[in-house]
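Let me begin by presenting the structure, written as structure tokens, before commenting on it.
Treat the numbers as computed from the prediction; the structure is a model and nothing was measured. In listed order, ligands and their atoms are each counted from 1.
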Amino acid sequence: MTHPSGRPIYMDHNATTPALAGVVEAMRPYFTEEYGNPSSSHAYGRRAASAVEEARAHVAALIGAGPDEILFTAGATESDNLALRGAAPAAARRLGMATGAGHIITCAIEHEAVLETCEAMREEGWEISVLPVDGDGLVEPGDVARAMTDWTVMVSLMMANNEIGTVEPLEEVGRICRRRGVLLHSDAVQGAGRVPLDVETLGVDLMSLTAHKMYGPKGIGALYVRRGVPVSPMMRGGGQEGRVRSGTLNVPGIVGFGKAAQIAMSDMAVESARESSLRDLLWRRIRARIEDVRLNGHPSHRLPNNLNVAFDGVESEALLTSLRDVVALSSGSACASGSGKGSYVIRALRGGDAGAARSSIRFGLGRCTVEDDIDLVMEHLERAVSRLRAMAPKAAGAAERS
Ligand code: PLP
């Protein structure tokens with residue numbers, strides 16, 4: 001049996017999501033008749049600018065921020081870079097560090113946009129602490145407090161992990177940061193539109209978002225910057241976005257992002273409950289029908305749409321290949337595949353094993369997932385796992401401990 005569409009089922013919604021029809025519809029006029037540059041003062045420009053401001057208000061509302069606290073960027077990679085490189089040096093200078101370099105705390109399972117930026121800053125003289133996570137992928141808030149020094153200017157902790165779905169204790173970390181006067185940045189890409197987010201409750205000063213993970217277009221993102229937190233520009237030019245992010249605004253993208261935020265706000269509760277119940281059904285069926293499987297990530301503090309499973313003794317790349325005509329899945333980190341080591345996120349789980357890092361699959365459910373998809377995926381998954389285990393019988397159930 002194959003999917004009625006003739007295409008593989010899409011179950012990789014943590015990688016990206018399709019733009020909703022309502023989003024594309026909202027964007028369309030801004031490619032054609034409403035092509036004004038929002039910086040222009042004539043009627044075309046003013047109409048574009050008012051569409052941008054309407055979208056800004058929707059994105060702000062999604063996270064409980066004010067519209068003046070939202071900066072549009074080209075995506076979360078840029079937002080993460082801007083938060084770290086734009087806000088941390090300004091904070092270091094305020095603390096009187098003449099070099100503009102201080103201490104940043106982050107964690108081992110952050111997205112590469114954070115980890116690589118921190119590594120580059122380390123080479124430039126910054127002190128970087130990369131905290132470990134426990135076996136479920138959680139950062140221990142006490143570790144954050146203990147890592148702080150007089151030079152700490154920022155903690156960068158993701159809201160939820162993109163591979164294993166674990167939701168981090170941001171609110172507790174936010175309280176610690178507030179007490180110590182340290183900025184808290186959070187990459188909230190995976191949670192936005194899926195779970196309620198409120199920058200006040202979380203105590204976050206900077207938050208990275210991207211539209212393409214929440215049924216908006218690709219190439220447009222935002223950085224929330226708490227009022228009064230200075231951010232130095234990474235790109236200079238025409239002075240758009242309060243002089244922090246120069247460049248003509250991507251009006252269709254921004255309008256699409258705004259529409260996606262608006263739709264997410266109205267559908268989130270119902271849609272997240274629907275996806276999490278399908279996700280739980282999938283996990284129950286996997287456990288009932290396939291032996292030697294383990295859940296990666298926290299059993300309850302996790303994104304509603306994410307399931308990440310280690311199939312002991314099975315190479316995830318081989319499993320993905322044998323399923324690819326039926327279902328589009330991923331092993332979690334495209335960047336890790338081919339390295340032979342598997343996912344760095346799963347390797348970072350305390351007590352985790354190298355075998356699990358090479359034998360794990362991420363199931364990312366979404367708006368288009370229905371119960372029939374679960375049946376179809378199970379039918380093929382069960383067969384593929386037993387076929388691959390039969391080809392490598394000695395490896396089955398004997399994951400290599402590291
Ligand atoms: N942060 C996280 C947690 C992600 O999952 C992604 C997506 O790959 C990114 C950052 C990068 O986002 P973008 O594709 O908008 O640059």
Side-chain angles (χ1 to χ4, degrees), residues 10-19 23 59 62-63 70-86 106-120 130 133 137-139 155-168 170 184-195 197 202 204 206-224 234-235 245 247 250 253-254 256-257 260-261 264 296-297 302-306 308 328-337 343-346 348 362-366:
Y10 186 75
M11 220 179 257
D12 202 13
H13 290 83
N14 296 105
T16 196
T17 57
V23 167
V59 173
L62 184 69
I63 59 167
I70 299 295
L71 272 176
F72 287 114
T73 64
T77 300
E78 183 189 336
S79 301
D80 287 344
N81 274 263
L82 184 57
L84 288 156
R85 286 199 169 281
T106 187
C107 90
I109 62 169
E110 290 293 319
H111 191 268
E112 292 96 331
V114 168
L115 289 177
E116 292 290 317
T117 306
C118 284
E119 278 316 309
V130 181
V133 291
L138 287 174
V139 163
V155 172
S156 182
L157 178 63
M158 68 196 333
M159 186 260 144
N161 184 266
N162 45 305
E163 292 193 26
I164 57 172
T166 296
V167 173
E168 296 295 341
L170 211 50
L184 176 59
H185 164 245
S186 185
D187 177 333
V189 159
Q190 292 288 342
R194 295 196 171 110
V195 293
L197 288 177
L202 295 171
V204 164
L206 300 124
M207 182 181 273
S208 301
L209 305 171
T210 192
H212 76 96
K213 308 273 186 182
M214 43 179 277
Y215 302 89
K218 293 171 180 59
I220 182 75
L223 180 65
Y224 155 77
M234 288 200 305
M235 287 190 298
R245 204 281 185 174
N250 170 0
I254 290 170
F257 192 4
N296 293 313
R302 67 184 303 128
L303 292 170
N305 78 319
N306 171 288
N308 191 311
L329 295 166
S330 96
S331 58
S333 172
C335 312
S337 61
S343 155
Y344 72 90
V345 171
I346 294 172
R362 175 178 71 182
F363 301 86
L365 283 66

Check your understanding: Can you find a side-chain donor-acceptor pair between Thr166 and Asn161 that sits under 3.5 Å?
Key -> no
Check your understanding: Hey, is Lys213 touching ligand 1 through its side chain, its backbone, both or neither, going by heavy atoms under 4.0 Å?
Key -> side chain
Check your understanding: Which ligand 1 atoms are under 4.0 Å away from a heavy-atom of Gly75?
Key -> 15 (O)
**Study point:** Side chain proximity check, His13 to Pro18, heavy atoms < 4.5 angstrom
**Key:** yes
Check your understanding: Which residue supplies the protein heavy atom nearest to atom 10 (C) of ligand 1, what is that atom called, and how far is it?
Key -> Asp187 OD2, 3.3 Å
Check your understanding: Do Val114 and Met158 come within less than 4.5 Å of each other through their side chains, counting heavy atoms only?
Key -> no
Revision key, fill the gap. Closest non-hydrogen atoms of Val195 and Met159, given as atom of the first, atom of the second and distance, are CG2-CE, 3.6 Å
Review point. Taking all non-hydrogen atoms of both residues, which atom of Asn306 and which atom of Glu163 are closest, and how far apart?
Key: ND2-O, 3.1 Å
Review point. Atoms of ligand 1 less than 4.0 Å from Val189 heavy atoms?
Key: 1 (N), 2 (C), 4 (C), 5 (O)
Check your understanding: So which bit of Thr77 gets within less than 4.0 Å of ligand 1, heavy atoms only: side chain, backbone, both or neither?
Key -> both
Check your understanding: Any idea which heavy atoms bring Tyr344 and Glu110 closest together, and the distance?
Key -> OH-O, 2.7 Å
Practice item. Take Asp187 and Ser208 through the side-chain hydrogen bond (donor to acceptor under 3.5 Å, both in side chains) test and state the conclusion after the steps. Key: CA-CA 5 Å; Asp187 177 333; Ser208 301; 5.5 Å; no
Check your understanding: At the 4.0 Å heavy-atom cut-off, does His212 count as touching ligand 1?
Key -> yes
Review point. Of the protein's non-hydrogen atoms, which lies at the shortest distance from atom 12 (O) of ligand 1, and what is that distance?
Key: Ala76 CB, 3.3 Å
Revision key, fill the gap. For atom 4 (C) of ligand 1, the closest protein heavy atom turns out to be His111 CD2, 3.4 Å
Review point. Which atoms of ligand 1 have any heavy atom of Thr210 under 4.0 Å away?
Key: 15 (O)
Check your understanding: At under 4.0 Å between heavy atoms, which part of Ala113 makes contact with ligand 1: side chain, backbone, both or neither?
Key -> neither
Check your understanding: Who's the nearest protein heavy-atom neighbour of atom 5 (O) of ligand 1, and how far?
Key -> Gln190 NE2, 2.9 Å
Practice item. Report yes if some heavy atom in the side chain of Leu197 is under 4.5 Å from a heavy atom in the side chain of Met207; otherwise report no. Key: yes
